[in-house]
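Since we're looking at a predicted model, the values are computed, not measured.
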Amino acid sequence: MVRAGWLGSLVALSLALILTALPLPDGLAIARPAVVPLVMVWLCIHVPSRFGIVWAWCLGLVLDVVHSTSLGQHAVALTLLSYVVIKLRGSLHLLPAWQQALVLIPAWAGYQGLLLWLDGFVGQSIDPLWRWLPVVSTSLCWLPLSAIFALVDRPQHHEA
Amino acid sequence: MSAYQFDDDARPIFSRGPLLVLKLAVLLLCSGALMYYDRVADEQELAPLRDTIAVALTPVFWISDMPRQFGNLREHLHSRERLISENDDLRHEHLRLNARLQKLLSLEAENHRIRALLDSSRQIHEAVMIGEIQSTSLDPYQQRLRINRGKQDGVIEGQALIDAHGILGQVIEVTPYASTAVLITDQSQGVPVQVNRNGLRTVAHGNGSPKLNLPFLPANSDIQVGDMLVSSGLGGRYPVGYPVAIVEKIEHHPGEHFLEIVAVPAARIPNGREVLLVRDDVPAPSTAQMIDPEAKPGRVATAD
């Protein structure tokens with residue numbers, strides 16, 4: 001994506017949106033990883049000059065429409081997530097992917113927790129433990145995602 | 001590498017840091033305002049923004065629906081015998097229903113005559129449109145459907161959704177080419193119903209499971225297992241007389257004022273792809289709602 005630039009980022013985000021909107025059987029849907037935040041965090045770490053907090057906010061609005069939640073709910077969560085990641089970028093950028101995966105677990109948990117809290121705040125119900133399942137699946141997805149992006153991005157690696 | 005790290009760490013503090021926090025604050029404020037207008041203040045002003053994003057996302061929804069379309073295609077090419085037998089069944093069903101329809105037509109005519117005699121202003125004219133389910137809810141904790149009919153087809157918010165067996169839900173959000181409906185089993189939903197046998201009125205609440213609850217019936221109510229609950233039309237959202245649910249279980253705990261009643265929705269919620277969007281062309285008399293105080297305890301048939 002660093003190499004492919006805007007187009008690559010856009011394609012990655014579109015694919016992530018498609019994966020988010022893909023209908024899954026109920027059992028799997030409970031554990032659906034948060035693909036859009038995954039891709040967004042990767043972009044925040046690797047292409048900070050192009051992908052920042054404002055983009056994260058816009059992406060959040062798009063997610064709100066996809067999920068039919070009230071406008072702003074995902075926007076808040078994604079904005080805060082991107083803020084944290086941009087702040088930690090300096091150290092995150094240097095870690096190998098598996099350590100990044102570990103470091104990012106609290107970030108996914110925070111994202112999911114914030115969404116849950118906002119859900120309760122705007123009048124939806126809060127369900128117990130199962131709603132934390134995406135944290136696990138999202139964390140597990142970080143390694144494969146990084147590997148795929150590294151593969152796609154391989155030819156040129158001298159950009160900061 | 002470490003020098004690079006220091007450099008990288010230093011940059012945000014002096015040049016980007018304050019700006020980033022400022023941006024964050026502004027964006028969070030914007031989000032808060034949006035959420036307030038969208039949900040809490042119940043404003044319709046954000047509809048254009050939502051519509052624009054939804055239209056831009058149309059290709060995404062279209063592509064994500066493709067696996068299912070392929071599944072359908074495979075089914076189309078599937079066994080000929082099954083189609084023939086299904087065709088036979090349908091023909092029989094059609095014949096049977098036609099016979100019943102003839103009787104119904106005469107009953108309807110009679111009903112009209114009697115209503116005319118009674119000088120009743122209420123007419124039953126319901127416009128029906130067939131829609132296709134595009135996807136069921138992405139969030140497993142919300143019972144929602146996406147339908148391939150939108151503003152362009154004349155869908156309006158609040159329109160009732162039925163299938164061949166009963167009421168499914170209502171439309172809560174309309175974009176130009178698609179709409180979102182919430183099922184009657186969603187926790188936010190309540191359908192004003194009456195027992196078909198004796199006209200006893202109550203409200204059937206969704207609880208997030210595939211069943212409905214009837215929470216406000218006193219212990220001495222005349223209700224039995226197997227009773228059909230039909231929509232009463234109070235509240236003005238759902239059209240009158242469609243099957244909603246069948247009573248499955250009635251429990252009375254000693255010392256409680258109300259019965260604990262569980263009903264199974266009449267509509268076959270997880271099955272099928274086609275749904276009917278029904279609209280009362282003549283709006284239901286809103287006075288009925290005001291006359292009957294028990295008709296709307298709290299959150300009847302509203303999506304919010």
Determine, stepwise, if the pair A:Gln112 / A:Trp132 fulfils side chain to side chain donor-acceptor pair (under 3.5 Å).
CA-CA 7 Å; A:Gln112 195 66 21; A:Trp132 295 97; over 6 Å; no
Which word best sums up how the rings of B:Phe216 and B:Phe258 line up, parallel for under 30°, tilted for 30 to 60°, or perpendicular for over 60°?
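Plane angle over 60°, so perpendicular.
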Is B:Leu27 close to chain A through its backbone or its side chain, or both, or neither, when contacts mean heavy atoms under 4.5 Å?
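Answer is both: backbone and side chain atoms of B:Leu27 are under 4.5 Å from chain A.
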B:Gln159 versus B:Arg279, side-chain donor and acceptor atoms under 3.5 Å
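The criterion, which ignores hydrogens and geometry beyond distance, is not satisfied for B:Gln159 and B:Arg279.
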Can you tell me which of A:Ile18, A:Asp64, A:Val62 forms the most heavy-atom pairs within a distance under 4.5 Å of chain B?
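So the answer, after comparing A:Ile18, A:Asp64, A:Val62, is A:Ile18.
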Heavy-atom contact with chain B under 4.5 Å, split by part of A:Leu19:
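Neither part, no heavy atoms under 4.5 Å.
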Would A:Leu63 and A:Leu17 satisfy side-chain contact (heavy atoms from CB on, under 4.5 Å), going step by step from the backbone distance to the final call?
CA-CA 8 Å; A:Leu63 271 189; A:Leu17 273 174; 4.1 Å; yes
